[in-house]
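Residue numbering restarts at 1 for every chain, and letters A, B, ... go by the order of the sequence lines. On a predicted model such as this, the values are computed, not experimentally measured, just so you know. Only this structure's heavy atoms are used, side chains among them; waters, hydrogens and symmetry mates stay out.
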Protein chains: 2
Amino acid sequence: MNAPVTLAHIKTACSTCNLRELCLPVGLKRDEVESLDELVYTRMKVKRGESLFRTGDDFASLYAIRVGFFKTRVATEDGRDQVTGFQMAGELIGIDGIVTDHHNCDAVALEDSEVCVIPYSKLEELSRKFEVLQHHFHKVMSREIVRDHGVMLLLGSMRAEERLAAFLLNLSQRFTARGYSSSDFILRMTREEIGSYLGLKLETVSRAFSKFQDDGLISVQQKHIRISDIAGLKKVMGQTGSTC
Amino acid sequence: MNAPVTLAHIKTACSTCNLRELCLPVGLKRDEVESLDELVYTRMKVKRGESLFRTGDDFASLYAIRVGFFKTRVATEDGRDQVTGFQMAGELIGIDGIVTDHHNCDAVALEDSEVCVIPYSKLEELSRKFEVLQHHFHKVMSREIVRDHGVMLLLGSMRAEERLAAFLLNLSQRFTARGYSSSDFILRMTREEIGSYLGLKLETVSRAFSKFQDDGLISVQQKHIRISDIAGLKKVMGQTGSTC
DNA sequence: GAAACAGCTTGATCCAGATCAAACCCTCTT
DNA sequence: AAGAGGGTTTGATCTGGATCAAGCTGTTTC
């Protein structure tokens with residue numbers, strides 16, 4: 001007896017989304033979350049390899065990832081580029097566009113994905129009304145800044161194996177938060193993309209994977225990673241390489 | 001005939017601050033800027049070498065730099081640290097604290113400085129009232145994210161000399177925006193701090209300075225830098241080092 | 001199911017920047 | 001004005017990761 005319209009509505013509402021504990025609605029009260037249902041009324045599918053947005057595109061919306069996996073990257077004029085992050089379900093992308101009204105990076109789907117479109121002007125409007133939403137949005141941006149500083153620390157002062165260990169531990173922890181196994185997962189990105197993110201060449205990434213496998217920390221089968229010694233990985237991350 | 005009270009008020013008000021074209025009030029209308037005068041009612045002096053805040057401190061306020069120069073840095077448990085930015089007059093620091101209600105980096109004055117204290121809850125309150133202020137604050141955070149991505153690109157894919165050239169050009173441009181010479185300035189930070197920011201050792205920074213001087217791009221006298229060939233520096237930044 | 005291709009691994013060699021070391025230059029203190 | 005100490009420069013050597021090269025593995029296409 002349910003009209004398709006109703007079903008469609010249920011499917012696109014934040015209030016019934018199974019990601020609401022990870023995504024924008026975190027911490028909002030029932031009626032506040034329901035107000036988001038009017039904010040988020042469009043979904044978009046992005047096929048693997050396609051861009052959700054590119055550097056220079058007009059900025060109008062943020063995107064909450066519903067299903068799938070993305071990378072963001074920035075590039076120089078002379079062709080070099082740098083992966084600035086990997087984003088998974090529940091994470092928000094597009095914030096880079098606010099400052100100039102144009103996007104300042106590319107967002108590329110690493111698998112077939114689906115995003116919720118959040119018109120930015122609407123978000124500003126609603127967050128003027130709902131203190132909790134406002135604060136949560138500020139937290140999301142602040143978290144991104146803190147995360148970026150962590151990546152700078154990694155790029156500026158860690159050795160190759162420490163970087164890869166940090167990367168794996170970070171992925172593991174984010175999978176856990178989404179209810180997936182913390183020790184057994186499929187990498188959605190290539191060795192080259194991992195290398196770009198970590199400031200290493202793909203061969204170095206590959207060698208570090210092999211080293212970790214030889215040391216019994218993980219097992220690697222192409223993109224399938226199984227972490228067998230989390231504590232060991234943490235130890236790799238902590239060591240400075242200095243002898244004191 | 002002016003009472004001292006009035007003078008004091010003039011001195012602490014955003015509406016009469018000579019940084020209002022760089023700082024929080026950018027783009028605000030007259031009455032909106034005046035509303036900021038109620039937001040910013042405390043100033044603080046921070047002596048050279050002292051911290052404005054440290055990792056772990058309770059977060060309550062953002063700080064707008066009125067006079068002086070700061071660095072922010074993050075550290076690992078095992079003692080390594082990384083400078084994440086250098087901030088000058090008109091720039092906002094402390095945003096890193098929003099996400100966890102505790103600061104996530106240290107902010108250290110590199111010269112005797114003065115900051116305006118912006119109670120964060122008050123800022124949220126006012127930016128619910130003033131759309132323009134809200135949008136401007138979002139832009140500040142978005143700009144910080146975009147800047148951080150630029151630093152990741154630098155750390156992940158540039159050679160030592162390219163990094164230093166990018167750093168000098170960035171400083172030059174920010175000095176210009178503040179009405180100082182774009183080609184003649186005093187570095188407030190040590191070679192070691194520059195190195196930490198750029199992911200290099202201090203000796204490498206020093207050598208790159210000497211190289212630029214030998215090549216006639218700049219002249220260096222300790223912390224006094226004079227850029228004699230901006231275009232040349234830009235060319236250094238653009239070259240990949242590859243032969244194709 | 002063969003061919004083509006993209007991605008991955010491993011080995012050999014090279015080099016940019018790190019590390020070690022020493023001297024130098026400022027600035028501040030007494 | 002001498003001395004101390006932090007910061008800087010420069011030289012010599014070392015090394016982690018880049019680069020070059022070849023073979024391997026899994027997946028897609030026809």
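Distance, A/Gln222 CD to C/dT9 C1': 9 Å, rounded to whole Å. Between the P atom of D/dT8 and the CE atom of B/Met189 lies a distance of 11 Å, rounded to the nearest Å. Look at CD on A/Glu192: it is 9 Å from P on C/dC8, rounded to the nearest Å. Atoms CG (B/Leu155) and P (C/dA16) sit 19 Å apart, rounded to a whole Å. Rounded to an integer number of Å, the gap from NZ of A/Lys211 to C1' of D/dG17 is 14 Å. Taking atom NZ of residue A/Lys223 and atom P of nucleotide C/dG7, one finds them 7 Å apart after rounding to whole Å. When rounded to the nearest whole Å, the span between CD of A/Glu161 and P of D/dT15 equals 16 Å. Across the protein-nucleic acid pair, A/Leu110 atom CG and C/dG7 atom P stand 12 Å apart, rounded to whole Å.
Within the nucleic acid shown, A/Leu202 comes within 4.0 Å of at least one base atom, counting heavy atoms only. Residue-level contact check: A/Thr190 touches the backbone only, with heavy atoms under 4.0 Å from sugar-phosphate atoms and none from bases. Counting any heavy atom pair closer than 4.0 Å across all strands shown, A/Gly199 reaches sugar-phosphate atoms only and no base atom. Nucleic acid contact class of A/Glu203 (heavy atoms, under 4.0 Å, all strands): base.
Two residues are said to be in side-chain contact when any heavy atoms from C-beta on lie closer than 4.5 Å; A/Val151 and A/His149 fail this criterion.
Here the side chain of B/Ser228 pairs a donor or acceptor atom with the backbone of B/Leu217 at under 3.5 angstrom. The backbone N or O of B/Ser182 sits less than 3.5 Å from a side-chain atom of B/Ser172, completing a donor-acceptor pair. With hydrogens and angles ignored, the 3.5 Å screen pairs a side-chain donor or acceptor of A/Ser142 with a backbone N or O of B/Ile95.
Residue B/Arg191 has no polar side-chain atom (N or O) positioned under 4.0 Å from OP1 or OP2 of D/dG7. Taking only side-chain nitrogens and oxygens, B/Ser210 never comes nearer than 4.0 Å to OP1 or OP2 of D/dT9. Regarding contacts with the backbone of C/dT19, a side-chain N or O of B/Lys201 is found under 4.0 angstrom from either OP1 or OP2.
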side-chain hydrogen bond (donor to acceptor under 3.5 Å, both in side chains) between A/His224 and A/Asp184, worked out: CA-CA 7 Å; A/His224 181 186; A/Asp184 201 311; 2.6 Å; yes
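Residue B/Thr204 has its side chain nearest to C/dA18 when only D/dT9, C/dA18, C/dT9 are considered.
A/Arg207 contributes a side-chain N or O that forms a donor-acceptor pair with the base of C/dG11 under 3.5 Å.
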